[in-house]
Amino acid sequence: SLLYGVIQAALLGAKDSVTPLIAIAYSTVVNSLGDLLCVCKLGMALRGAGLATLLAQWAGTAAMIGPAKKRLFEPRLKGKVNDPKEVVTVDENGNKSNGKYSVRAFLSFAAPVLTLILGKLAAFGFMTHVAASLPDKSALAAHQITLSLFFFVSPFLEVISQTAQAFLPQYYTEKVKDEPSWIRASEDLSARLLRLGIGVAIIMAIVSSSIPYFFPNALTNDATVRAAVRPLALPLALGALLTAPVAVSEGALLAKRDLKFLAGVYLLSTAMFPSVLFRVKKMQGPVEHVWTCFAGFQLFRAVCFTGRLWTSVLWRRFFGKDKMEGGATASAAA
């Protein structure tokens, strides 16, 4: 799963959205066939479902390794004649290249991205651990239902993050990153993606939170679990809504290769989040406190990411160069 996420992010950054799509298709087919064989035919129950998921992850990762090697890495053979059809791009230092990178350059990108993925997985792992330790026997079931609903919402917003990773890097090359027209175009595209993400998040937050609040019978037949999952509707809606600025800003910062900042925020938030959750565990609070903490976790990341991305933009547009240039133009016209 970690390798899958790193390779997918690298391919999207190289504007290859086809290979990740093919990998998803492979994973879906293998997972479906695995569930049919292991669960239905062999009767392996949960063990069979887990095995099918594992095989699906392997299949998806294997489907990307070959194309990623050809797409991203420099060939070892020297003196090789370049393909005339090969697209020549400009790297972040302003040098012409064929869009491929050394293993060292790839690892410098992969390490921070791996930190992001580990941070996300660790957050959900700590939440599940604390929910399982609460005295209410229905707490873990309610948490798992809410977590499944959040995972249902996430892809609708992650796809916008992936769009930013695929289309924004061209605006941040050394050759054009200081040109006002390119700066304005990158900011406008980022703003459109953020507005789109917030619009989608509002819809998905309403849909996902309405299910446990108004239609808990659709989730479980257990009356105690229905009662436990209903209070989680509000923190679920907040967490889903805040995922929009997190996902979109994270995609834009990945496109800008602001990797140290992203890794630092995830390390800090991942270090702080468990300490708050363990206080809930110590106080034996209700499971909705776990998801309220998650909403706060999302808020912290949203503030950090959007602040990093937009503070300088807003300052420049209202108080900086843009305003000065506008005044200079008006004076020249007068």
Side-chain angles (χ1 to χ4, degrees), residues 5 8-21 23-25 113 116-117 119-120 148-173 176-177 180-211 233-259 261-262 265-266 269 294-295 297-318 322:
Q8 182 188 55
L11 287 170
L12 289 170
K15 284 191 172 182
D16 182 2
S17 59
V18 176
T19 300
L21 184 62
I24 292 173
V113 173
L116 307 187
I117 298 172
K120 294 177 182 179
S148 298
L149 289 170
F150 180 79
F151 286 159
F152 169 76
V153 170
S154 295
F156 292 92
L157 300 168
E158 289 294 337
V159 70
I160 304 176
S161 174
Q162 293 167 5
T163 301
Q165 294 175 50
F167 290 98
L168 281 174
Q170 62 183 322
Y171 297 100
Y172 301 124
T173 59
V176 301
K177 69 177 185 179
S181 60
W182 285 80
I183 294 174
R184 174 72 70 165
S186 67
E187 294 169 357
D188 290 343
L189 178 56
S190 299
R192 286 198 298 270
L193 291 173
L194 182 60
R195 289 195 297 269
L196 176 62
I198 292 175
V200 172
I202 290 173
I203 295 173
M204 298 311 300
I206 293 173
V207 171
S208 62
S209 61
S210 295
I211 295 174
L234 179 58
L236 171 61
L238 293 175
L241 183 61
L242 290 168
T243 301
V246 170
V248 176
S249 300
E250 180 185 283
L253 290 171
L254 282 170
K256 294 180 69 174
R257 296 297 186 266
D258 199 352
L259 303 177
F261 175 79
L262 284 169
V265 170
Y266 267 100
S269 59
F294 176 70
F297 174 72
Q298 291 289 79
L299 178 62
F300 174 77
R301 294 194 299 161
V303 170
C304 290
F305 294 164
T306 55
R308 179 75 167 187
L309 190 63
W310 293 107
T311 299
S312 61
V313 174
L314 294 175
W315 182 266
R316 186 178 66 255
R317 289 198 176 187
F318 289 100
D322 288 357

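When side chains are defined from C-beta on, Arg308 does not count as touching Leu262, because their heavy atoms never get closer than 4.5 Å. The shortest distance between side-chain heavy atoms of Met204 and Leu157 does not fall below 4.5 Å. Using a 4.5 Å heavy-atom cutoff, the side chains of Leu189 and Leu193 are in contact. Between Phe156 and Ile203, the closest side-chain pair of non-hydrogen atoms is not below 4.5 Å. Looking at Phe300 and Val265, their side chains come closer than 4.5 Å, going by heavy atoms from C-beta outward. At least one side-chain heavy atom of Pro245 sits under 4.5 Å from a side-chain heavy atom of Leu194.
Annotation: side-chain hydrogen bond (donor to acceptor under 3.5 Å, both in side chains) contacts involving residues 150-159, sequence neighbours excluded, are absent.
Annotation: side-chain hydrogen bond (donor to acceptor under 3.5 Å, both in side chains) contacts of Ser161 (sequence neighbours excluded): Gln165.
Atoms OG1 and CZ, on Thr243 and Arg301 in that order, are 7.5 Å from each other to the nearest 0.5 Å. In this structure, Ser190 OG and Leu253 CG are separated by 9.0 Å, a value rounded to the nearest 0.5 Å.
Listed for the Ser249 side chain is no donor-acceptor partner under 3.5 Å among the backbone atoms of Val246.
Below 30°, between 30° and 60°, or above 60°: for Phe305 and Tyr266 the angle between ring planes is between 30° and 60°, a tilted geometry.
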